[in-house]
Amino acid sequence: MVKKTETALDLNKVRNIGIIAHIDAGKTTTTERVLYYTGMTHKIGEVHEGAATTDYMPQERERGITITASAVTATWNGHQVNVIDTPGHVDFTAEVQRSLRVLDGGVVVFDGVAGVEPQSETVWRQANSYGVPRLCFVNKMDRTGANFQRCVDMIVERLHGNPVPIQFPYGEGAEFKGIVDLLRMKLITYVDDLGTKQEEHDIPAGIAAEAQTRRALMVEKIVENDDFLTEKYLMGEEITNDELLGALRAATIAGKVQAVICGSSLKNKGVQLMLDKVVELLPSPLDIPPVVGHHPKTDAELVRHASDDEPVAALVFKILTDPYVGRLAFFRVYSGVVKAGTMLTNTTKGDRERIGRIVRMFADRREDVEEVHAGDIAAVLALKNTFTGDTLADPDHPIVLEKVSFPEPVIEVAIEPDTKGDQDKMGEALRRLAEEDPTFRVEVDDKLGQTKIAGMGELHLEVLVDRMMREFGVQATVGRPRVAYRETITREVRSDTTFKRQSGGKGQYARVVIEMEPLPDEEQELAKDGLLFVDAIKGGSIPREFIRPTENGIREALVGGVMAGYPVVGVKVRLVDGAFHDVDSSEMAFKVAGSMAFKDAFQRAKPVLLEPTMKVEVQAPDEYIGTIVGDLSSRRGIIAGMDPHGGSTSVRANLPLGEMFGYATSLRNMTQGRGNFTMEFEKYMPAPSAIAEEVIKGKS
């Protein structure tokens with residue numbers, strides 16, 4: 001295979017963007033149009049036909065949803081656009097999170113009928129946390145019930161955004177005929193069904209007044225972000241379109257505003273205009289601040305600029321197991337040039353890695369390249385010990401970049417191989433799937449001799465088990481889903497524990513005094529795995545070499561839980577005193593004493609069981625809403641709000657995850673198949689005592 005040698009990129013002409021949204025808002029359909037109009041594909045693949053280019057996994061095509069983020073590279077108006085199509089289902093939110101970590105901009109797609117939906121809020125929040133500038137694309141304007149202005153209003157109310165509509169639809173629903181461009185004050189219509197031929201018209205008299213009003217509002221919102229233009233505006237001087245576009249771009253990159261555009265991806269309307277705005281408004285790698293990391297040994301802060309002349313710094317943000325070529329590591333180059341055949345250091349782990357085959361991705365198709373420049377995204381094959389969140393850097397100029405943080409799993413199931421032959425295959429399959437997905441956990445329960453897998457939801461685990469069976473040929477039986485509870489404490493206690501054992505020869509002796517309290521909110525970020533351990537020993541009552549074993553004993557007790565065997569979270573432990581024996585004390589003695597002290601303190605600190613609660617949104621025709629609200633209340637739900645949509649209503653509620661198993665079937669029965677719901681993790685809350693007793697009995 002001939003490798004493609006790449007010339008250095010003009011970074012001003014690179015856009016790294018993500019297509020992000022709630023499930024079924026039209027992300028993949030939009031991405032398919034991007035590929036078609038940029039010449040990457042010669043036929044539009046439809047999600048509903050199971051033929052989408054970026055949904056190439058069998059599980060994606062069968063379910064009609066995106067499960068794994070797919071990277072594609074395209075060209076538009078002389079710009080290289082690296083696009084990542086992300087999942088919308090809450091169970092795969094980690095895919096969105098790790099993609100946003102390496103992207104410079106995003107296009108948030110909204111359903112023109114449903115508006116802002118629960119997962120829209122989640123991806124918006126994630127984009128805020130990573131400071132990702134974004135455009136808003138109101139899709140499905142051709143559907144009955146589409147309402148552009150309502151969607152814009154919801155961006156303000158629910159997302160606390162600052163939307164600036166720079167387009168509006170000419171007609172909505174069945175009457176959707178084209179798009180009004182408020183910057184150029186032109187109407188764009190489409191001649192053919194594929195949307196390849198656009199025509200520009202003067203704005204029809206029937207909507208001229210509305211267009212003038214909307215343009216005036218747009219100009220006001222843009223100029224208020226630019227002092228020079230504000231002055232011109234107040235002086236009544238004319239502001240050119242180029243000045244407006246420049247100010248809008250600066251405000252978008254600064255995160256002050258979000259330009260709103262519209263269209264219908266399925267009907268091939270508005271996607272080329274969206275690509276124009278991606279190029280015109282979203283940042284290049286040079287427009288974003290330089291990446292900040294730290295030195296792996298000295299912890300000194302280091303900065304890397306998006307330049308080929310700086311030392312290599314790249315972040316691996318995704319691992320994918322390919323059945324044909326093995327493990328692929330997707331990476332973003334922040335500085336320097338990554339060349340095939342060179343050695344880099346995995347600074348997160350301290351290992352050396354040889355960069356073998358580098359490929360540029362086109363969903364499941366790939367093209368070999370010799371090198372990848374600063375600001376670009378690609379994938380490398382066969383790295384030995386590099387996974388999601390690891391940094392690859394120049395061995396002579398090491399740097400560790402900020403890792404991607406992921407939510408904890410909230411649901412678990414037991415899984416048993418059907419035959420002895422499946423046992424080894426299952427272990428290998430689960431290990432490889434866990435390497436790909438940081439929110440998927442595998443745990444072997446030694447007491448029961450049982451393997452448990454944990455993830456973000458029923459669909460998440462269902463897809464992973466399906467992949468295990470298809471890709472790795474493992475046959476296994478899966479148990480019923482169970483809630484991943486947690487344990488914590490509610491009051492402060494002190495424990496003075498002595499471990500003493502004499503068995504003829506050398507004995508074991510350790511005394512440990514700890515103070516345990518609920519972890520204060522302001523110290524949550526300092527905690528590691530749910531525990532903040534503070535060494536407060538003075539005067540050498542416990543020698544330095546026994547502090548770490550004591551902490552290890554406490555951490556081991558933490559993982560196994562005390563009440564019902566679930567991990568302990570939200571605890572602060574101060575090691576304040578103790579005693580040792582010159583001969584009989586050992587690391588093992590202090591480890592055991594630490595574990596005993598922790599368990600003793602925990603049982604006396606009014607422990608409680610925590611259960612995951614979910615943010616649920618149910619949408620159904622109005623006639624079923626009374627029944628749905630009653631059913632949600634019977635499931636210990638707290639109704640947070642109701643939004644009418646004209647004939648249907650969305651009910652927002654908070655419910656314990658344990659009450660939501662099998663809800664899809666119940667909702668179908670209640671609404672004659674006309675209702676649907678979405679659910680996402682919100683937080684852990686104390687479980688009622690009756691529920692806690694049942695869980696503890698079930699575990700004992």
Side-chain angles (χ1 to χ4, degrees), residues 23 59 63 65 67 89-94 118-119 122 407-416 439-443 445 448 450-466 468 476-487 564-567 609-620 624 627-640 651-673 675-699:
I23 189 170
Q59 294 83 358
R63 290 170 170 82
I65 62 169
I67 289 167
H89 197 285
V90 63
D91 285 16
F92 308 104
T93 189
Q119 192 64 5
T122 303
E408 288 293 309
V410 296
I411 186 172
E412 63 180 35
V413 297
I415 184 165
E416 296 289 340
T439 59
F440 176 58
R441 303 281 166 81
V442 182
E443 181 190 326
D445 189 326
L448 301 173
Q450 191 180 60
T451 301
K452 290 187 291 187
I453 55 175
M456 299 308 296
E458 289 180 89
L459 180 63
H460 185 204
L461 294 182
E462 186 185 312
V463 166
L464 286 165
V465 169
D466 189 37
M468 181 186 77
T477 304
V478 181
R480 289 185 63 230
R482 292 189 344 180
V483 178
Y485 293 99
R486 296 286 182 267
E487 301 177 16
Y566 289 104
L609 194 72
L610 299 175
E611 61 180 353
T613 59
M614 314 300 285
K615 201 182 331 182
V616 178
E617 182 155 340
V618 185
Q619 190 164 12
Y624 304 112
T627 309
I628 287 168
V629 169
D631 180 69
L632 291 173
S633 299
S634 72
R635 295 171 183 265
R636 297 194 282 134
I638 297 168
I639 307 301
V651 181
R652 287 175 284 122
N654 302 90
L655 288 93
L657 173 62
E659 302 288 346
M660 291 302 292
F661 293 142
Y663 184 67
T665 306
S666 299
L667 183 63
R668 255 196 315 271
N669 293 338
M670 279 187 284
T671 62
Q672 298 178 349
N676 59 68
F677 80 102
T678 56
M679 177 171 76
E680 66 170 308
F681 172 71
E682 188 180 29
K683 59 184 174 182
Y684 273 94
M685 292 286 287
S689 55
I691 300 290
E693 283 169 24
E694 276 182 40
V695 172
I696 293 165
K697 273 185 206 162
K699 275 279 186 177

Notebook entry, point to check: Passes side chain to side chain contact (heavy atoms under 4.5 Å, CB included), Ile639 versus Arg652? Steps please.
Noted result: CA-CA 6 Å; Ile639 307 301; Arg652 287 175 284 122; over 6 Å; no
Discussion item. Would you say that Tyr485 contacts Ile691 through its side chain, given a criterion of any heavy-atom pair below 4.5 Å between the two side chains?
Written reply: yes
Next on the checklist: Taking Pro409's backbone N and O only, do any of them form a donor-acceptor pair with Thr439's side chain (distance below 3.5 Å, no angle check)?
Outcome noted: no
query = How about Ile415 and Val465: do any of their side-chain heavy atoms sit closer than 4.5 Å?
reply = yes
> Is the shortest heavy-atom distance from the side chain of Arg635 to the side chain of Asp631 under 4.5 Å?
Replying inline: yes
Quick check on Ile638: does its CD1 atom have over 12 non-hydrogen neighbours (other residues, nucleotides or ligands) under 6.0 Å away? no
**Message:** If you apply the rule side chain to side chain contact (heavy atoms under 4.5 Å, CB included), what do you find for Asn654 with Thr613, and how did you get there?
**Reply:** CA-CA 7 Å; Asn654 302 90; Thr613 59; 5.5 Å; no
Is any side-chain heavy atom of Glu693 less than 4.5 Å from a side-chain heavy atom of Ile696?
no
For Gln672, does the CD atom have more than 12 heavy-atom neighbours from other residues, nucleotides or ligands under 6.0 Å away? no
In this structure, CD of Glu682 is separated from CG of Leu657 (nearest 0.5 Å) by 12.5 Å
Exercise. Less than 4.5 Å apart, any side-chain heavy atom of Tyr663 and any of Met670?
Worked result: yes
task = Check whether any side-chain heavy atom of Leu609 sits under 4.5 Å from a side-chain heavy atom of Glu487, and report yes or no.
result = yes
Hey, does the side chain of Glu416 reach the backbone of Thr477 with a donor-acceptor pair shorter than 3.5 angstrom?
-> no
* Answer yes or no: is there a side-chain heavy-atom contact under 4.5 Å between Ser634 and Glu659? => no
So, Glu611 side chain and Met685 main chain: donor-acceptor pair closer than 3.5 Å or not? no
All heavy atoms of Ala620 vs all of Ile628, minimum pair found to be CB-CD1, 3.5 Å
**Prompt:** Quick one: does Leu655's side chain get under 4.5 Å of Arg636's, heavy atoms only?
**Reply:** no
Smallest heavy-atom separation, Glu412 atom then Tyr566 atom, equals OE2-CE2, 4.4 Å
Closest heavy-atom pair, Leu461 versus Ala454, reported as atoms and distance to 0.1 Å, is CD2-C, 3.8 Å
For Ala653 and Leu632 the tightest heavy-atom approach is CB-CD1, 4.2 Å
In this structure, CD of Gln619 is separated from CG of Leu667 (nearest 0.5 Å) by 11.0 Å
